[in-house]
Amino acid sequence: MASGEEDGTVEEKETNNKKRTKGAIATAWLTFYNIAMTAGWLVLAVAMARYYLQKGTHKGLYKNIARTLKFFQTFALLEVGHCAIGIVRTSVIVTGVQVCSRIFMVWFITNSIRQIQNEESVILFVVVWTITEITRYSFYTFNLLNHLPYFIKWARYNLFIVMYPLGVIGELLTIHAALPYVRRSGMYSLRLPNKYNVSFDYYYFLIIVMLSYIPLFPQLFFHMLRQRRRVLHGEIVVEKDE
Ligand SMILES: CCCCCCCCCCCCC/C=C/C(=O)SCCNC(=O)CCNC(=O)[C@H](O)C(C)(C)COP(=O)(O)OP(=O)(O)OC[C@H]1O[C@@H](n2cnc3c(N)ncnc32)[C@H](O)[C@@H]1OP(=O)(O)O
């Protein structure tokens, strides 16, 4: 006998319909977003390869790809929003640290200090980010479409073991290279006396940022190791910050 509970009340049905609609809209948006991001980072990869093959040097490469890099990396801010509104099951804090540190590297270090743009370390982190993001966004896309090839899943949850440390090395070496220019120019700094009666030294701020990698990077890395165990080995993992 069909009871009201088995069939669901009118309110329950309406709630379920709303959830399904929200689910469909969110899935459609995420599919579009991930395809756009995969394409963006692929464009970047092709532009870098072409530049290097044509010029035979990494000098000038950053300038050549800067606009595309800035656009797609800044667009990734939406990911913090995705977590905040709950359409992806990821920690806002972990995603926030990851995205903000990248945006900081792009806008407040590499874009702001022209003298360091030809450093090898810049190319290192840009290449590492590009490989990581093509893998990550194509993983999300195929996953949403329920056609995930195993090699993409494998790459998503294995490449970071090498890519994360390499990316961090590239980023830290770049900030280190920026220090003398920041000290000499006094950029983004506020000296006393001033009408706000506040002083800020960007040079020391950058040193604090570099030191903050010591507690923050292991957290991101171990988060990914836990994700790896969960996805590749089916282990149930409890996240502290969730
Ligand atoms: C003011 C400045 C302050 C600066 C402070 C500086 C401190 C810096 C500290 C350290 C900085 C490190 C810098 C490193 C940079 C680099 O990137 S180096 C290159 C290597 N990098 C990586 O390998 C990146 C690895 N990190 C990530 O992948 C993510 O950014 C993450 C947030 C850290 C982890 O990802 P997470 O989403 O938690 O894991 P997943 O397994 O991928 O996803 C979980 C579930 O969520 C779904 N999902 C997530 N996003 C999407 C999406 N866009 N679309 C669809 N679905 C998504 C995913 O499918 C999973 O769902 P379920 O399977 O249902 O669980």
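In this chain, residues are counted from 1 in sequence order. Order of appearance sets the numbers: ligands from 1, and atoms from 1 within every ligand. Scope of the values below: all heavy atoms of this structure, side chains included, with no hydrogens, waters or symmetry mates. Everything numeric in this text was worked out from a predicted model, so none of it was measured.
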Main-chain N/O of [Y] paired to [X] side chain as donor or acceptor, under 3.5 Å:
X: His58; Y: Asn118; value: yes
X: Thr90; Y: Cys83; value: no
X: Gln117; Y: Gly60; value: no

Quick test of your reading of the structure: of [options], whose heavy atom lies closest to [atom]?
atom: atom 53 (N) of ligand 1; options: Asn34, Thr130, Ile161, Val80; value: Asn34
atom: atom 8 (C) of ligand 1; options: Trp129, Tyr213, Phe125, Phe205; value: Tyr213
atom: atom 24 (C) of ligand 1; options: Phe217, Tyr164, Tyr157; value: Tyr164

Heavy atom of the protein closest to [atom] (residue, atom name, distance):
atom: atom 9 (C) of ligand 1; value: Leu216 CB, 3.6 Å
atom: atom 48 (N) of ligand 1; value: Tyr140 CE2, 3.6 Å
atom: atom 38 (O) of ligand 1; value: His223 NE2, 2.6 Å
atom: atom 34 (C) of ligand 1; value: Met224 SD, 3.5 Å
atom: atom 45 (C) of ligand 1; value: Arg89 O, 3.5 Å
atom: atom 31 (C) of ligand 1; value: Val94 CG1, 4.2 Å
atom: atom 63 (O) of ligand 1; value: Arg230 NH2, 3.9 Å
atom: atom 36 (P) of ligand 1; value: Thr90 CG2, 3.5 Å

Does ligand 1 have an atom that lies less than 4.0 angstrom from a heavy atom of [X]?
X: Arg156; answer: yes
X: Arg102; answer: yes
X: Cys100; answer: no

I want to know if ligand 1 touches [X] in the polar sense, i.e. an N/O pair below 3.5 angstrom.
X: Glu79; answer: no
X: Ser101; answer: no
X: Tyr137; answer: no

Checklist entry - Under 4.0 Å from atom 3 (C) of ligand 1, is there any protein heavy atom? => result no
Next on the checklist: Within the protein, is there a heavy atom lying under 4.0 Å from atom 17 (O) of ligand 1?
Outcome noted: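 Under 4.0 Å from atom 17 (O) of ligand 1, at least one protein heavy atom found.
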Item to check | Stepwise side chain to side chain donor-acceptor pair (under 3.5 Å) test for Tyr203 and Arg184 | outcome: CA-CA 9 Å; Tyr203 176 83; Arg184 224 176 297 142; over 6 Å; no
Checklist entry - Would you call Asp201-Arg183 a salt bridge at under 4.0 Å N-O? => result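 Result for this pair is no, no salt bridge flagged.
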For the aromatic rings, using the six-membered ring if either is Trp, is the centroid distance between [X] and [Y] under 6.0 Å?
X: Phe160; Y: Phe221; value: yes
X: Tyr140; Y: Tyr33; value: no
X: Tyr164; Y: Phe217; value: yes

Checklist entry - Can you name the nearest heavy-atom pair linking Gln73 to Val99, along with the distance? => result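 Answer, listing the atom of Gln73 first, then Val99: NE2-O, 4.4 Å.
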Checklist entry - side-chain contact (heavy atoms from CB on, under 4.5 Å) between Ile161 and Arg228: does it pass, once the steps are laid out? => result CA-CA 10 Å; Ile161 297 170; Arg228 180 178 187 272; 3.7 Å; yes
Next on the checklist: Heavy atoms only, cut-off 4.0 Å: how does His82 contact ligand 1, side chain, backbone, both, or neither?
Outcome noted: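 Contact part for His82 vs ligand 1: neither.
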